[in-house]
> 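The following block contains the structure, expressed as structure tokens.
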Amino acid sequence: MLSTAVSKYELETRSRTNSIQSKVALVLHSVATSNKKQQVITMHDIDDNQLSKGKVINSKQVTRMVSGKGDYFDCAQSAKPLCSSLIDERVIAENDNDVVFYTPPSKRTLWYSTTKNTNFSILSPGLFFHFKKSTKSLRVFCYLNRKKPKLDTMLYLPPMLNIDRKGSLCTGTMRLPKTWSNAGIDLIISNFFDSRFTHSNMKTASGIPTIYTDDEANMAYMAALEESERKMKAGELVEFKTIAAYLENADD
């Protein structure tokens, strides 16, 4: 998704006494969202005078490269940026420690164990998952369009219990992959929906709708969605950031 196709061109510059051979290129992408433009930087190895598939890096890594505090090879080794993957069509980005994937909108049942045990069958928005392989931690966001999410797709905090202001899920007894493989995607998605939603993780947050902060308000919202069989609306949700902006600073 982030690879750049270019025609073959000469990348080697020669003078009388020495030669300079290009090893890496940085490409700045402009990503248009609904109300502004954002920039994403990708780093590409140069192989046989052509750019290879790119990896997302952030502005701090660029500064380190050009300030002389570390060369390209050090940056590439330590950064381990998220890069596009073709392993599974649902995978948006992956590196040694992180995998980001999505599941499209569909009708789902949410199981609750708050003041009472109940469930709601709703039209769930698409969900965006970020799983850290080493710490076994999981972040969850949602998006509202039906097509495969793109770099300019806006992410929202999902109005579901057990998720905090940064999208981190309190996994409780939810079973997560011990070692990563493609099977981990279906395991995480199925166990997320099969788990019990027990409490709001945003009770102390201010300036956001009560469907995020109050258990009873959340259940009333889910009951209304179930009864009306309607989708969630952008005006009801809290915007987080675009996928492009998230991938640039995924560890924040």
> Considering all heavy atoms of both residues, which atom of L161 and which atom of T114 are nearest to each other, and what is their separation?
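What the structure gives for the nearest pair is CD1-CG2, 3.7 Å.
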> Measure the CG-NE2 distance between N162 and H199 for me, rounded to the nearest 0.5 Å.
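Here the rounded value is 4.5 Å.
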> Would you indicate whether the side-chain heavy atoms of L110 and I122 approach each other to under 4.5 Å?
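Yes - at least one pair of side-chain heavy atoms lies under 4.5 Å apart.
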> For a quick test of reading the model, state the closest non-hydrogen atom pair linking P149 to I243 and the distance between them.
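Smallest heavy-atom distance, with atoms named: CB-CD1, 3.6 Å.
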> Hey, mind stepping through M202 and L157 against side chain to side chain contact (heavy atoms under 4.5 Å, CB included) and telling me if it holds?
CA-CA 11 Å; M202 300 191 203; L157 293 176; 4.1 Å; yes
> Among residues at least two apart in sequence or on other chains, which ones pass side-chain hydrogen bond (donor to acceptor under 3.5 Å, both in side chains) with Y221?
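If we apply the side-chain hydrogen bond (donor to acceptor under 3.5 Å, both in side chains) test to Y221, skipping adjacent residues, the hits are E236.
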> For D194, what residues pass the side chain to side chain contact (heavy atoms under 4.5 Å, CB included) criterion, not counting sequence neighbours?
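Expected list: S190.
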> Closest heavy-atom contact between K148 and Y102?
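Nearest pair, atom of K148 first, then Y102: CG-OH, 3.4 Å.
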> Less than 4.5 Å apart, any side-chain heavy atom of V24 and any of I46?
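V24 does not reach I46 side chain to side chain.
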> Using every non-hydrogen atom in the two residues, find where P104 and Y143 come nearest and quote the distance to one decimal.
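Smallest interatomic distance, heavy atoms only, reads CA-OH, 3.5 Å.
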> Could you tell me whether the side chain of T213 reaches within less than 4.5 Å of the side chain of I208, counting heavy atoms only?
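Yes, their side chains come closer than 4.5 Å.
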> Would a 4.5 Å heavy-atom cut-off, applied to side chains only, mark F240 and Y156 as touching?
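Contact flag for F240/Y156 side chains = no.
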> Do D215 and Y112 have side-chain atoms, one donor and one acceptor, less than 3.5 Å apart?
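Distance-only check fails for D215 and Y112.
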> Distance alone, cut at 3.5 Å: any donor-acceptor contact between the side chains of T198 and S113?
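On atom types as modelled, these side chains do not qualify, holding no pair under 3.5 Å.
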> Atom NZ of residue position K231 - does it have more than 12 heavy atoms of other residues, nucleotides or ligands inside 6.0 Å?
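For K231, atom NZ is not crowded (no more than 12 foreign heavy atoms under 6.0 Å).
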> Taking all atoms of both residues into account, what is the closest heavy-atom pair of C142 and P125, and its distance?
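Scanning both residues completely, I find the closest heavy atoms to be CB-CG, 3.8 Å.
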> Do L26 and H44 make a side-chain contact, defined as non-hydrogen atoms from C-beta onward lying under 4.5 Å apart?
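Answer no - side chains too far apart.
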> Within this structure, what is the CH2-OG distance for the pair W180 and S134, rounded to the nearest 0.5 Å?
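Interatomic distance, W180 CH2 to S134 OG, rounded to 0.5 Å: 13.0 Å.
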> Going through the distances and angles, do F129 and F141 end up as a ring pair (Phe, Tyr, Trp, His ring centres under 6.0 Å)?
CA-CA 7 Å; F129 295 89; F141 303 93; 9.8 Å; no
> Do D98 and F131 come within less than 4.5 Å of each other through their side chains, counting heavy atoms only?
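Side chain of D98 against side chain of F131, heavy atoms only: no contact under 4.5 Å found.
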> To the nearest 0.5 Å, tell me how far T118 OG1 sits from W111 CH2.
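One gets 9.0 Å once the value is rounded to the nearest 0.5 Å.
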> Are the aromatic rings of Y246 and F128 close, with centres under 6.0 Å apart?
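Here the rings of F128 and Y246 have centres that are less than 6.0 Å from each other.
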> Has N218 got a side-chain atom pairing as donor or acceptor with P159's backbone, closer than 3.5 angstrom?
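Side chain of N218 to backbone of P159: a pair is present.
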> Quick one: ring-ring contact (aromatic ring centres under 6.0 Å, His included) partners of Y212, sequence neighbours excluded?
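For Y212 there are no ring-ring contact (aromatic ring centres under 6.0 Å, His included) partners, ignoring immediate neighbours.
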> Identify the heavy atoms of E229 and L123 that sit nearest to each other, and give their distance.
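The pair with the smallest heavy-atom distance is O-CD1, 3.1 Å.
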> To the closest 0.5 Å, what do you measure between CZ (F197) and CE (M219)?
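Reported value, rounded in 0.5 Å steps: 13.5 Å.
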> Assess whether side chain to side chain donor-acceptor pair (under 3.5 Å) is satisfied between E216 and T115, documenting all intermediate values.
CA-CA 9 Å; E216 294 297 328; T115 54; 3.2 Å; yes
> Is a donor on one side and an acceptor on the other found under 3.5 Å between the side chain of T171 and the backbone of M174?
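Side chain of T171 to backbone of M174: no pair is present.
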> Nearest 0.5 Å, what's the CG-OG distance between N201 and S168?
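So the CG of N201 and the OG of S168 are separated by 9.0 Å.
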> Could you tell me if the side chain of T153 sits less than 4.5 Å from the side chain of N145, heavy atoms only?
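Yes - at least one pair of side-chain heavy atoms lies under 4.5 Å apart.
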> For the atom pair NE2 (H130) and CG (L247), what is the distance rounded to the nearest 0.5 Å?
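Answer for the NE2-CG pair, H130 versus L247, is 8.5 Å.
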> Any non-hydrogen side-chain atom of L187 less than 4.5 Å from a side-chain atom of I189?
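The answer is no, as the side chains (C-beta and beyond) never meet within the 4.5 Å cut-off.
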> Checking the side chain of K132 only, and the main-chain atoms of V99 only, is there a donor and an acceptor separated by less than 3.5 Å?
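Not at all, since once roles are kept as given, no pair shorter than 3.5 Å links the two residues.
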> More than 12 heavy atoms of other residues, nucleotides or ligands under 6.0 Å from CZ of R175: is that the case?
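Not buried by this count: 12 neighbours or fewer within 6.0 Å.
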> Step by step, would you call S124 with K107 a side chain to side chain contact (heavy atoms under 4.5 Å, CB included)?
CA-CA 6 Å; S124 171; K107 190 165 186 177; over 6 Å; no
> Do R90 and D186 meet the salt-bridge criterion of a basic N to acidic O distance under 4.0 Å?
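Salt bridge: yes.
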> R108 and S106: side-chain donor and acceptor closer than 3.5 Å?
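Judged by distance alone, the side chains do pair up.
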> Would V27 and I41 satisfy side chain to side chain contact (heavy atoms under 4.5 Å, CB included), going step by step from the backbone distance to the final call?
CA-CA 6 Å; V27 179; I41 303 169; over 6 Å; no
> For L225 and M232, what are the C-alpha separation, side-chain angles and deciding distance, and is it a side chain to side chain contact (heavy atoms under 4.5 Å, CB included)?
CA-CA 8 Å; L225 290 178; M232 295 179 185; 3.9 Å; yes
> Please determine whether salt bridge (charged side-chain N to carboxylate O under 4.0 Å, His left out) holds for the pair E248 and K241, giving the CA-CA distance in whole Å, both sets of side-chain angles, and the decisive distance to 0.1 Å.
CA-CA 11 Å; E248 186 176 357; K241 56 181 69 174; over 6 Å; no
